[in-house]
Amino acid sequence: MIQAAFQTADFTAESVEDNDTHVLQPLLDRCEDYHQIAYGRPALPDQARNIPRERPPTLAPGQGHLFALRDAQGGLAGMLEALRDFPAPEEWYIGLLLLAPEARGHGRGEAVLNAYEGYVRANGGRLLRVAVVEHNEVARRFWTRVGFQPEQWVGPIEQGLRWNRVLKMTKTLSPA
Ligand SMILES: CC(C)(COP(=O)(O)OP(=O)(O)OC[C@H]1O[C@@H](n2cnc3c(N)ncnc32)[C@H](O)[C@@H]1OP(=O)(O)O)[C@@H](O)C(=O)NCCC(=O)NCCS
């Protein structure tokens with residue numbers, strides 16, 4: 001079933017169930033630039049299908065959230081992957097916010113984040129965290145501009161073909 005979890009002027013965020021994650025593969029394939037930065041290679045052919053298996057093994061059912069961002073025509077324009085109450089209650093972790101290349105640079109990422117913050121607060125989240133790869137300067141600028149602050153450097157950790165240092169960044173959400 002299709003559920004609209006949150007909305008922006010341009011996009012509707014639809015929940016993607018664990019059995020349906022392959023629908024995101026065309027988007028991952030179109031975002032080779034991001035995968036080169038993060039993993040040193042394009043997306044793998046089964047990468048979308050494997051999203052549920054890549055989550056931390058300690059999660060309870062329902063803690064993994066995955067959204068397809070659809071435009072007014074129903075086209076796949078982006079995705080948001082997150083974990084609720086991870087690693088601690090009321091702390092939510094954004095694994096990936098990814099917009100199709102042609103959707104970037106119009107403030108839509110910020111609009112998605114604003115709408116998602118409302119959804120998180122309404123569901124009891126008080127803090128958002130994201131981990132940004134050191135050399136992903138566009139992303140670091142984005143998260144800083146939308147109010148995230150550096151928390152901690154970790155790594156280098158092995159990601160695909162790369163060893164990355166990553167910066168954990170956090171944003172405290174005002175109460176709903
Ligand atoms: C990171 C990401 C989600 C940001 O989304 P976005 O919609 O491009 O972000 P914004 O439009 O808010 O900002 C991008 C640029 O457009 C500019 N911009 C913002 N609003 C704009 C508008 N209305 N018109 C034109 N440009 C605008 C911003 O100033 C920004 O430029 P700057 O960073 O050089 O200052 C997107 O770039 C993306 O998917 N990147 C690849 C994946 C990735 O790295 N994700 C993060 C990993 S954790």
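Ligands are counted one by one from 1 in listed order, and the atoms in each one are counted from 1 as well. We number each residue from 1, following the sequence as shown.
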Specify whether the nearest protein heavy atom to atom 2 (C) of ligand 1 is under 4.0 angstrom away. no
Could you identify the single nearest non-hydrogen protein atom to [atom] and state the distance to 0.1 Å?
| atom | value |
| --- | --- |
| atom 48 (S) of ligand 1 | Trp143 NE1, 3.6 Å |
| atom 7 (O) of ligand 1 | Gly109 N, 2.7 Å |
| atom 23 (N) of ligand 1 | His106 O, 3.4 Å |

N/O separation below 3.5 Å, [X] to ligand 1:
| X | answer |
| --- | --- |
| Leu97 | yes |
| Val132 | no |
| Gly107 | yes |
| Arg141 | yes |
| Leu98 | no |
| Leu99 | yes |

Is it true that the NZ or CZ of Arg41 lies under 6.0 Å from the centre of Tyr39's six-membered ring and within 45 degrees of the ring axis? yes
Out of His35, Glu54, Gln25, which one pairs with Gln47 under the side-chain hydrogen bond (donor to acceptor under 3.5 Å, both in side chains) rule? His35
Would you say [X]'s side chain and [Y]'s backbone share a donor-acceptor pair under 3.5 angstrom?
| X | Y | result |
| --- | --- | --- |
| Asn136 | Ala139 | yes |
| Asp71 | Gln73 | yes |
| Arg162 | Gln36 | yes |
| Arg121 | Leu173 | no |
| Gln63 | Asp85 | yes |

Is the contact between Asn136 and ligand 1 made by the side chain, the backbone, both, or neither, using heavy atoms and a 4.0 Å cut-off? side chain
Which of the ligand 1 atoms, numbered from 1, are nearer than 4.0 Å to a heavy atom of Phe142: 4 (C), 9 (O), 12 (O)
Which of the numbered atoms in ligand 1 are below 4.0 angstrom from a heavy atom of Ala139? 44 (O), 46 (C)
Grab the two heavy atoms, one from Phe148 and one from Leu128, that are nearest each other, plus how far apart they are. CE2-O, 3.7 Å
Can you tell if the side chain of Lys171 reaches within under 4.5 Å of the side chain of Ile94, non-hydrogen atoms only? no
Which is it for Tyr119 and Phe67 under the ring-ring contact (aromatic ring centres under 6.0 Å, His included) test, yes or no, and what are the steps along the way? CA-CA 12 Å; Tyr119 174 86; Phe67 302 104; 5.6 Å; yes
Of Arg104, Glu110, Arg140, Arg145, the residue with the heavy atom nearest atom 38 (C) of ligand 1 is Arg104
Out of Ala131, Ala38, Gly105, who is nearest to atom 6 (P) of ligand 1 when you count heavy atoms only? Gly105
